[in-house]
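Quick notes on the structure that follows.
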Amino acid sequence: MRGGVRAVLQDLLRGHAPRSYSSSAAEAPAVRPPRDRILTLQSMNPQVRAVEYAVRGPIVVKAGEIERELQQGIKKPFSEVIKANIGDAHAMGQQPITFLRQVVALCTYPDLLDSPRFPEDAKVRARRILESCGGQSLGSYSASQGVTCIREDVARYIERRDGGVPADPDNIFLTTGASDGIASILKILVSGEGNSRTGVMIPIPQYPLYSAAISELNAVQVNYYLDEDHCWALDVNELKRALNQAKQYSNPKVLCIINPGNPTGQVQSRRCIEEVIHFAWKEGLFLLADEVYQDNVYSQDCQFHSFKKVLYEMGPEYSSNVELASFHSTSKGYMGE
């Protein structure tokens with residue numbers, strides 16, 4: 001082994017940067033032009049390239065540019081930019097709920113459990129969560145479905161909401177937002193090629209998560225249109241039209257419902273939900289019920305009914321045969337987190 005090579009290896013084994021060595025026999029490598037990029041807009045996954053997510057599109061980018069100009073002192077006929085593209089409650093000035101912040105602080109720094117500055121109810125909640133974590137540490141890995149005691153609490157909440165209809169913690173999955181949960185279940189539902197590709201029925205107008213996820217998964221987007229003249233109501237006859245048309249070029253097997261509507265805000269009546277469930281039962285469709293705005297019902301003439309409750313109360317002929325995944329989120333409603 002030549003001395004220069006041996007010295008370089010010794011430097012590397014010691015963790016040092018190799019010194020520079022010269023050899024009359026070695027020649028400097030020829031300078032080559034930069035090679036083509038591996039990752040470009042043209043070479044990237046075409047399904048990802050086709051994704052459009054309007055709530056974070058060019059208008060939002062432009063709003064960010066204007067905000068930066070205001071911060072730099074550039075004069076405008078206004079003093080601030082109000083972003084209405086997403087329901088970002090805290091960004092709009094909503095104050096966080098003290099109890100939530102206290103529990104999070106206690107869980108992340110348990111020494112605070114001895115502090116008299118924190119109320120006892122927050123300490124009780126924090127201790128219960130920590131006892132469900134490996135090593136009683138929030139930094140431990142949790143079960144894939146989420147921390148057990150939190151899923152138990154969610155199940156109890158659902159039972160109270162639905163007037164005693166049973167909820168099983170083993171059927172509850174905690175995700176990083178409802179969007180992540182919706183995308184995950186669509187991922188395992190989509191399959192097939194050509195005319196057998198999975199068709200996913202979504203309402204129009206819709207929240208763009210759905211069209212974006214469908215594009216990314218190379219599924220088929222099947223639009224059904226809400227009735228604007230009747231407060232954006234859902235008409236089962238429109239579902240039938242969309243389904244029959246989609247069967248010509250895809251395999252429709254998923255029906256997405258957004259209730260209360262986003263962005264339309266309509267609240268479905270119990271009768272409407274029963275009709276949708278009957279339609280899914282008859283046509284063999286998997287139901288996705290996006291119910292993240294269930295706490296945002298303000299009209300005295302409207303009442304939220306969960307698909308889970310209505311399905312259960314329709315009896316075993318339906319509840320044992322119709323497959324349903326429903327979604328809720330702490331980022332909406334009264335918490336805005």
Side-chain angles (χ1 to χ4, degrees), residues 53 55-56 60 63-64 67-68 70-71 79-162 167 169-184 207 209 260 262-263 265 290-298 304 306 326-337:
Y53 209 80
V55 294
R56 293 176 175 86
V60 183
E67 278 186 321
R68 288 190 291 273
L70 288 171
Q71 292 168 0
S79 59
E80 64 175 328
V81 175
I82 297 176
K83 295 180 180 177
N85 60 309
I86 54 176
D88 194 350
H90 286 209
M92 298 303 295
Q94 176 174 311
Q95 296 302 304
I97 296 175
T98 303
F99 179 78
L100 300 180
R101 287 294 193 267
Q102 289 171 337
V103 173
V104 170
L106 291 164
C107 287
T108 53
Y109 190 49
D111 286 355
L112 293 174
L113 287 166
D114 298 325
S115 171
R117 297 183 60 186
F118 288 80
E120 191 59 31
D121 59 347
K123 292 180 179 180
V124 170
R125 182 70 61 88
R127 289 191 185 99
R128 182 167 182 267
I129 293 172
L130 290 172
E131 287 169 0
S132 287
C133 297
Q136 296 192 8
S137 172
L138 211 61
S140 62
Y141 289 107
S142 64
S144 298
Q145 285 182 246
V147 177
T148 301
C149 75
I150 297 177
R151 289 189 287 114
E152 291 171 350
D153 288 344
V154 172
R156 279 193 288 270
Y157 157 76
I158 292 173
E159 287 183 356
R160 290 196 308 270
R161 180 198 68 184
D162 291 343
D170 288 337
N171 291 335
I172 293 170
F173 291 76
L174 305 181
T175 60
T176 52
S179 294
D180 187 57
I182 293 167
S184 295
Y207 182 63
L209 158 72
N262 180 16
D290 180 339
E291 299 173 331
V292 304
Y293 284 97
Q294 61 188 258
D295 292 309
N296 302 80
V297 178
Y298 306 109
F304 171 77
S306 77
S326 55
F327 306 89
H328 196 13
S329 171
T330 61
S331 70
K332 304 305 175 190
Y334 61 89
M335 280 176 278
E337 293 276 12

Roughly how far, to the nearest 0.5 Å, is [atom2] of [Y] from [atom1] of [X]?
X      : Y      : atom1 : atom2 : result
Asp180 : Leu209 : CG    : CG    : 10.0 Å
Arg127 : Glu120 : CZ    : CD    : 5.5 Å
Ile129 : Ser142 : CD1   : OG    : 12.0 Å
Asn296 : Phe304 : CG    : CZ    : 11.0 Å

What is the minimum heavy-atom distance between [X] and [Y], and which atoms define it?
X      : Y      : result
Leu106 : Leu113 : CD2-N, 3.7 Å
Ala178 : Val292 : CB-CG1, 3.6 Å
Leu112 : Lys123 : O-CE, 4.3 Å
Ala155 : Ala167 : O-CB, 3.5 Å
Glu291 : Ser326 : OE1-CB, 3.8 Å
Leu138 : Cys107 : CD2-CB, 3.8 Å

For [Y], does its backbone N or O pair with a side-chain atom of [X] as donor and acceptor, under 3.5 Å?
X      : Y      : value
Glu152 : Pro169 : no
Lys83  : Gly64  : no
Gln136 : Leu130 : no

Would you say CZ of Arg161 has more than 12 non-hydrogen atoms from neighbouring residues, nucleotides or ligands within 6.0 angstrom?
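Buried by this count: over 12 neighbours within 6.0 Å.
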Heavy-atom count around Tyr109 OH within 6.0 Å, excluding the residue itself: above 12?
no
Min side-chain heavy-atom separation [X]-[Y] under 4.5 Å:
X      : Y      : value
Pro260 : Val297 : yes
Asn262 : Tyr293 : yes
His328 : Asp295 : yes
Cys149 : Glu131 : no

Checking Ser179 now: which residues fulfil side-chain hydrogen bond (donor to acceptor under 3.5 Å, both in side chains) with it, not counting sequence neighbours?
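Once residues adjacent in sequence are excluded, Ser179 has no partner under the side-chain hydrogen bond (donor to acceptor under 3.5 Å, both in side chains) criterion.
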Let me see the working for Ile172 and Ile158 under side chain to side chain contact (heavy atoms under 4.5 Å, CB included), right down to the final yes or no.
CA-CA 10 Å; Ile172 293 170; Ile158 292 173; 4.2 Å; yes
